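Every heavy atom of this structure was used, including side-chain atoms; hydrogens, water molecules and symmetry mates were not. Note that the structure is a prediction, hence the values are computed from the model and not measured.
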Amino acid sequence: MLKIFQLVLDWSEVWALFIPITILMVKQQPAKLKLVVAYVWAALIINLAIDLVWKFRMLLPPAYNSNNFLYNLHSAVRFYLFSAFFIHLQQPFWVRVKKIMPVCFTLFMIINFTFFENFFDYWKFSSRLLSIEAALLLFYVLQYYLFKINDNIGTKITDNVFWVVTGLGIFVALNFFIFLLYNELTLRFQRFAISLWSVHNISYIILNLFLAKGFYESGKQ
């Protein structure tokens, strides 16, 4: 039974995305969520490739049986789409900071992968990249809540955007330290690191449940 549960968790990066996709199939989404919708479809393609490479790694040529660069790709795609999502909400709060952050993230990636790390590293994904991404997305989440707290219009708090942002906030908050320490843990405590990744998978399921809730609240049949 435990093995079955672990197998379900191992594939959660793929099947969990079908939770919000099911809602997308029957409900049209407003323009402000289009970037989130784009993330769901992009994540499905990338995560499917991640798990297929992992599942069939013994059948692939040695040069192509590592999926670590796909985690780096997913991290970059997730940041750019969600940062654009927050910017396009057009909340009059820290506007310049929100617009500058993608530029800073791009500069970080250029410098990091030119001088310090290899984007296509065979043995590990970039803990630095994923942890920076999580920290910056957490900033976006917190500024969204701060704006809502200071908003005097009296709009409904738990709207479609709220559910999306909350799911993202839970995901990045739970995973920041996992991303930051994961490569070091795999060197020193490999079994613990593998078990810890299950926390990431559970949080990814939670993220997709919240995305589905947001899509359900905003969609039109």
Side-chain angles (χ1 to χ4, degrees), residues 9-14 16-17 35-36 38-54 57 66-86 98 101-143 164-208 210-211:
L9 275 184
D10 288 343
W11 282 89
S12 62
E13 290 174 305
V14 173
L17 287 159
L35 289 165
V36 181
Y39 166 74
V40 170
W41 289 111
L44 178 63
I45 295 171
I46 297 171
N47 286 352
L48 185 59
I50 286 173
D51 283 0
L52 288 177
V53 171
W54 161 70
R57 62 190 180 278
S66 173
N67 59 11
N68 286 310
F69 80 94
L70 291 169
Y71 280 102
N72 294 339
L73 177 62
H74 189 170
S75 177
V77 169
R78 182 167 54 218
F79 174 79
Y80 284 120
L81 288 176
F82 273 106
S83 63
F85 159 71
F86 281 105
K98 287 185 286 188
M101 285 175 62
V103 178
C104 294
F105 184 78
T106 301
L107 291 174
F108 156 74
M109 287 188 62
I110 293 172
I111 295 171
N112 184 58
F113 291 115
T114 300
F115 299 104
F116 301 105
E117 293 186 308
N118 180 5
F119 188 88
F120 297 96
D121 193 315
Y122 181 90
W123 299 106
K124 62 183 184 298
F125 61 69
S126 173
S127 284
R128 188 177 299 162
L129 171 65
L130 270 71
S131 58
I132 290 293
E133 176 233 341
L136 294 180
L137 288 181
L138 186 58
F139 168 83
Y140 278 113
V141 170
L142 293 176
Q143 66 81 33
V164 171
V165 173
T166 300
L168 180 65
I170 293 172
F171 176 77
V172 295
L174 287 176
N175 284 284
F176 171 74
F177 287 107
I178 295 177
F179 292 154
L180 182 65
L181 303 173
Y182 192 75
N183 286 337
E184 188 68 23
L185 289 174
T186 56
L187 295 176
R188 300 174 183 271
F189 310 99
Q190 188 173 29
R191 288 188 177 181
F192 175 70
I194 294 173
S195 299
L196 194 61
W197 197 252
S198 294
V199 177
H200 164 272
N201 290 342
I202 292 171
S203 69
Y204 198 68
I205 296 171
I206 294 172
L207 167 61
N208 282 281
F210 275 82
L211 293 182

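Taking the side chain as every heavy atom from C-beta outward, Tyr71 and Glu13 approach each other to under 4.5 Å. Inter-residue side-chain proximity for Leu136 and Ile132 is flagged as met; some heavy-atom pair is nearer than 4.5 Å. Between Phe86 and Leu168, some side-chain heavy-atom pair lies under the 4.5 Å cut-off. A heavy-atom distance below 4.5 Å is not found between the side chains of Leu17 and Trp41.
Once rounded to the nearest 0.5 Å, the distance linking CD of Glu117 with CD1 of Ile111 reads 13.0 Å. One finds the CG atom of Asn208 at 8.5 Å from the CD1 atom of Ile205 (value rounded to the nearest 0.5 Å). Atom CZ of Arg128 is separated from atom CE of Met109 by 13.0 Å, given to the nearest 0.5 angstrom. Interatomic distance, CG of Asn175 versus CD of Glu133, reported as 9.5 Å (0.5 Å rounding). Atom CG of Asn67 sits about 12.0 Å away from atom CD1 of Ile46, to the nearest 0.5 Å. Taking CD1 from Ile178 and CG from Leu196, the interatomic distance works out to 4.0 Å, rounded to the nearest 0.5 Å.
Across Tyr140 and Lys98, no two heavy atoms sit closer than the pair OH-O, 2.7 Å. What you find for Ser83 and Leu137 is that their closest heavy atoms are N-CD2, 4.4 Å. Nearest heavy-atom pair, Leu129 versus Ser75, reported as atom, atom and distance to 0.1 Å: CG-OG, 3.7 Å. Closest non-hydrogen pair, Ser127 versus Asn183, comes out as OG-ND2, 3.0 Å. When all heavy atoms of Asn72 and Phe119 are compared, the pair lying nearest together is ND2-O, 2.8 Å. The nearest pair of heavy atoms linking Tyr204 to Ala43 is OH-CB, 3.5 Å.
Residues satisfying the side chain to side chain contact (heavy atoms under 4.5 Å, CB included) criterion with Ile170, sequence neighbours excluded, are Thr166, Leu174, Ile206, Phe210. With sequence neighbours excluded, the residues forming a side chain to side chain contact (heavy atoms under 4.5 Å, CB included) with Phe120 are Phe69, Asn118, listed by chain and number.
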Apply side chain to side chain contact (heavy atoms under 4.5 Å, CB included) to the pair Phe177 and Leu180, showing each step before the final yes or no. CA-CA 5 Å; Phe177 287 107; Leu180 182 65; 4.2 Å; yes
Let's go through Tyr182 and Lys124 carefully: what are the C-alpha distance in whole Å and the side-chain angles of both, what is the deciding distance for side chain to side chain contact (heavy atoms under 4.5 Å, CB included) to 0.1 Å, and is it a yes or a no? CA-CA 9 Å; Tyr182 192 75; Lys124 62 183 184 298; over 6 Å; no
Stepwise side chain to side chain contact (heavy atoms under 4.5 Å, CB included) test for His74 and Tyr39: CA-CA 9 Å; His74 189 170; Tyr39 166 74; 2.8 Å; yes
Using the rule given for side chain to side chain contact (heavy atoms under 4.5 Å, CB included), can you reason through Phe171 versus Leu138, listing the C-alpha separation, both sets of side-chain angles and the distance that settles it, and then say yes or no? CA-CA 9 Å; Phe171 176 77; Leu138 186 58; over 6 Å; no
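Between the Ser66 side chain and the Tyr122 main chain, a donor and an acceptor come within less than 3.5 Å of each other.
Using bins of under 30°, 30° to 60° and over 60° for the plane-to-plane angle, the ring pair Phe105/Phe108 lands in the tilted bin. Taking the six-membered ring where the residue is Trp, Phe179 and Phe125 present perpendicular rings, their angle passing 60° and hence far from 30°.
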